[in-house]
Amino acid sequence: MADAIVYQERQLFPWRFALWLVLGANATALIVVLLPPREPLASSWWLFLVTSGCAAFWLGWIWIAYRTSPIRLHERQLALPWRPAIALEHISEARIVEGDELKQIRKALGRSATRLPAIAGIAAVPGLALVGLNLAQAAMVWRMRKNPVIRGLVAVTGAPSAIYLETDESAGPTRRWLIGTKHPDEFMAALDGATAACSAPGRR
């Protein structure tokens, strides 16, 4: 019998990050244009179009990935985008976190996260943007799979609320999870109900 979906929610797209990415890419292009012996700014406007186009392409790719990869809670497992599913029986703690507590937990987890490789910055350099996009995407996926902390942070950029999870040792190297959500009460109620049903006699 198929493991039915009891709750589903789309990931929160990081619009603030998207804005800073576009501004940062154009600022880099401006620096390149102004460095001698470059052409005057008026004759190098095409660099901004190329840079903005590459940034828009990358953001479009991320947006599509976010929209087509929702967070899904099944009867027996929590399926998170681009991460291994978490069996509900391995969850030892689950609660809603908001406000300062959310910021503190995210900051604490972020301290342990390794940064993206410097190669990701190539995406903002005119002329190397397409190469940078491919390398940066590959680096992000590789780092997410290898780093337990990055893997444990799910849709938390700009999230007003989150579900904090802790799992036992049998769940794998990622023991602490922070999952951003717009509907914390619904998410938590569905998770509590699915966990209780999964642990009921005769369901194992």
Side-chain angles (χ1 to χ4, degrees), residues 2-25 54-88 90-91 93-99 101-107 109-110 113 116 120 123 133-134 136-145 147-167 171-172 174 176-198:
D3 193 10
I5 298 175
V6 298
Y7 180 82
Q8 179 172 294
E9 180 179 345
R10 286 176 174 171
Q11 296 185 77
L12 297 171
F13 185 76
W15 290 106
R16 185 177 299 178
F17 166 77
L19 177 61
W20 280 110
L21 175 64
V22 174
L23 294 178
C54 290
F57 172 79
W58 194 8
L59 291 177
W61 177 84
I62 296 175
W63 185 84
I64 292 173
Y66 272 56
R67 299 292 288 183
T68 57
S69 303
I71 298 167
R72 290 190 175 100
L73 173 63
H74 296 258
E75 291 179 320
R76 294 178 177 273
Q77 64 181 12
L78 178 59
L80 302 174
W82 316 309
R83 282 91 166 172
I86 304 173
L88 299 185
H90 295 317
I91 297 177
E93 178 183 350
R95 58 189 174 87
I96 298 173
V97 292
E98 297 176 323
E101 185 181 17
L102 170 57
K103 294 178 182 178
Q104 291 173 3
I105 294 177
R106 185 183 174 209
K107 187 176 181 180
L109 291 176
L116 287 176
L133 287 175
N134 293 330
Q137 291 172 11
M140 290 173 65
V141 173
W142 179 86
R143 191 59 59 89
M144 184 177 292
R145 290 177 177 174
N147 191 309
V149 175
I150 294 178
R151 190 165 57 191
L153 295 172
V154 183
V156 294
T157 303
S161 305
I163 303 297
Y164 175 72
L165 302 176
E166 289 187 6
T167 59
T174 306
R176 303 172 68 192
W177 298 81
L178 193 62
I179 307 168
T181 176
K182 283 186 177 180
H183 311 287
D185 294 330
E186 296 178 27
F187 194 161
M188 195 68 227
L191 180 60
D192 285 341
T195 303
C198 186

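- Among all heavy-atom pairs drawn from Pro70 and Pro81, the shortest one is O-CG, 3.7 Å.
- Closest heavy-atom contact between Leu178 and Ala162: CD1-CB, 3.8 Å.
- The side chain to side chain donor-acceptor pair (under 3.5 Å) check on Gln11 picks up nothing, with sequence neighbours excluded.
- The two residues Ala94 and Leu165 make their nearest non-hydrogen contact at CB-CD2, 3.4 Å.
- Applying the side-chain contact (heavy atoms from CB on, under 4.5 Å) rule to Ile5 yields the partners Gln8, Arg72, His74; only residues at least two apart in sequence or on another chain are considered.
- With rounding to the nearest 0.5 angstrom, the OG1 atom of Thr195 is 7.0 Å from the CG atom of Leu73.
- Scanning all heavy atoms of the two residues, the minimum distance from Ile163 to Met188 falls at CD1-SD, 4.0 Å.
- Looking at residues two or more places apart in sequence or on another chain, you find a side chain to side chain donor-acceptor pair (under 3.5 Å) between Ser161 and Glu98.
- Listed by chain and number, the residues in a side-chain contact (heavy atoms from CB on, under 4.5 Å) with Arg95 are Glu93, Val97, Glu101, Ile105, Tyr164 (sequence neighbours excluded).
- Arg106 contributes no side-chain N or O that, together with a main-chain N or O of Gln104, makes up a donor-acceptor pair within less than 3.5 Å.
- Counting only heavy atoms from C-beta outward, the side chains of Ile91 and Leu88 approach each other to under 4.5 Å.
- Residues Ile96 and Asp185 have side chains in contact (heavy-atom distance under 4.5 Å, counting atoms from C-beta outward).
- Summarising the geometry of Ala85 relative to Gln77, their closest heavy-atom pair is CB-OE1, 3.5 Å, with the distance given to 0.1 Å.
- The side-chain contact (heavy atoms from CB on, under 4.5 Å) check on Glu9 picks up Tyr7, Thr181, Lys182, His183, Phe187, with sequence neighbours excluded.
- The two residues Ala194 and Val6 come nearest to each other via the heavy atoms CB-CG2, 4.3 Å.
- Side-chain contact between Leu78 and Ile179 is present, with heavy atoms from C-beta onward closer than 4.5 Å.
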